[in-house]
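One structure is given here, and the rest of the page talks about it.
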Amino acid sequence: MGREIKIFDTTLRDGEQSPGCSMNLEEKLEVARQLERLKVDVIEAGFAIASPGDFISVKGIAKIIKDCTVASLARALPKDIDRAWEAIKGATAPRIHMFLATSDLHMEYKLKMSKEQVLEQATAMVRHAKQYCSDIEFSAEDASRSNPSFLYQVLESVIEAGATVINIPDTVGYSTPLEFFELIRGVKENVSNSDRALISVHCHNDLGLGVANTLAAIQAGADQVECTINGIGERAGNAALEEVVMNLHTRKDIFEASCRVDTKQLYPTSRLISSITGVQVQPNKAIVGANAFAHESGIHQHGMLANKKTYEIMTPESVGLAKNTLVLGKHSGRHAFEDRLQSLGYALDKEQLDLAFEEFKKLADRKKTVTDRDLEALIHQKQIRTPQIYQLERFVINSGNTITATATVRLKKQEEVVEEVATGDGPIDAAFKALDKLVGIEFSLEDYSLQSVTEGKDAQGEVIVKLKKADNIYTGRGLSTDVIEASVKAYINAVNKILHESEADEGGES
Ligand code: KIV
Ligand code: ZN
């Protein structure tokens, strides 16, 4: 019905740029696969020239994704464009996405270039990219604070040079919905060849208007919108993909536009991102927050019982939200387990399924009722994805309020079994100190958080630790009905990521 809006996901580029959201190669590949399942149109896989790691992940994503366009970001410079092309040329549908600022402020202080130079460089670099790739996106960075006539001139010129998508970013989240609507209208009316390119928008959320500005742009005629899962991104983040998509879906009467996203994959995708990054979604976050579909007040509950539409404008099922119901127990078989995972939107390969089933059996022994939330947490455990260089064999803790806590931890590394004892300020500190002795590498503990997955005395505790080595942050996750075990597992998970990355670095770029 109506126009089809293209959804451009930049979780792996703008999203990954936000503090504490960095991901390793395996995690990025997993996110890309999930974005393909979600059916976004474009996956911005990264910024190929930013680092060898970025290059490898963009290249890896370009290779595995078949059903979406794969883009790499590049500055409007030959070396960036060449590197971007090198990374994405294996994609089924590659796109080079280049940017150059057009606001007076950015041109004078950041680029130190005149208007004429910016116009000339933008045009020349689109031509340069066009010799490699037919699909070229040009972003006029800080467009919303640019002089409109200069912006129109640049856009017209890059379209003439071969740009197929022109992106109008609100880079610093400064615009307001009415103003942004007029800007997009202005582009459509004043860029004489605008009908030869898709008009895209990219809105940051500094004033909390990222989604509102994106929707205003759609109403003004934008064809493509750039968003991130959970709204992660630079500073206050980007327009949240799940919010934009559910607005289109729920208010078809207003937007008269649709997109090809499978809305049932929104919740699993959101959970995957928060699980990988360790950045939790606020409970009252629209669409994917824990309370987004919770009805607490008696009046609301009464209305809901009479007719769900009284207080529900979209169903939890439509965004793929699993009901927190008792689903499986210790007698459940592998088929039932696999079935339930499928209906929750998870597609695991055989190896992942074997590991997950083993974990599920252990959990079912310790916890009477295994709910959908438990299963989600279990599937998101990073141990399932990170090579287990070190594995926990066992630990013993001696602790109390009148004695110094002591921990003995035994780990397995391939066939070798190693054990250490340490004391500390409490049981978790003692266990972490024993682990430090065992792995013998330098890093610091930057963050530790513990939360319960479900209610009840036998609820699983989920621990997230962030370890810092050099300038990189490694997120580890551990899950157990015992919080000390969850902490030890989370620490080992993060250590395994550090070791895995240094092994990959030694292996070199491919
Ligand atoms: O915010 C911005 O302007 C960007 C561009 C590179 C598209 O992220
Ligand atoms: Zn941005």
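Counting starts at 1 for both ligands and their atoms, in listed order.
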Closest D14 atom to the Zn ion (ligand 2) [N, O or S only]: OD2
At a 4.0 Å threshold, what atoms of ligand 1 neighbour a non-hydrogen atom of [X]?
X	answer
E141	3 (O)
S139	7 (C)
H204	1 (O)

Test item: D170 side-chain N/O and S175 main-chain N/O as donor-acceptor pair under 3.5 Å: yes
Quick check for you: to the nearest 0.5 Å, what is the distance between [X] atom [atom1] and [Y] atom [atom2]?
X	Y	atom1	atom2	answer
Q451	E462	CD	CD	5.5 Å
N167	Q224	CG	CD	6.5 Å
I43	S72	CD1	OG	13.0 Å

Is [X] in polar range of ligand 1, meaning some N or O pair under 3.5 Å apart?
X	answer
R13	yes
H202	yes
T171	yes

Structural part of D14 in contact with ligand 1, heavy atom criterion under 4.0 angstrom: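 Answer for D14: side chain.
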Part of R235 within contact of ligand 1 (heavy atoms, under 4.0 Å):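 It is neither; nothing of R235 touches ligand 1.
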Donor on one side chain, acceptor on other, [X] and [Y], under 3.5 Å:
X	Y	result
D374	Q460	yes
N230	S270	yes
N24	Y474	no

Angle subtended at the Zn ion (ligand 2) by H202 NE2 and H204 NE2, rounded to 10 degrees: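 Rounded to 10°, it measures 100°.
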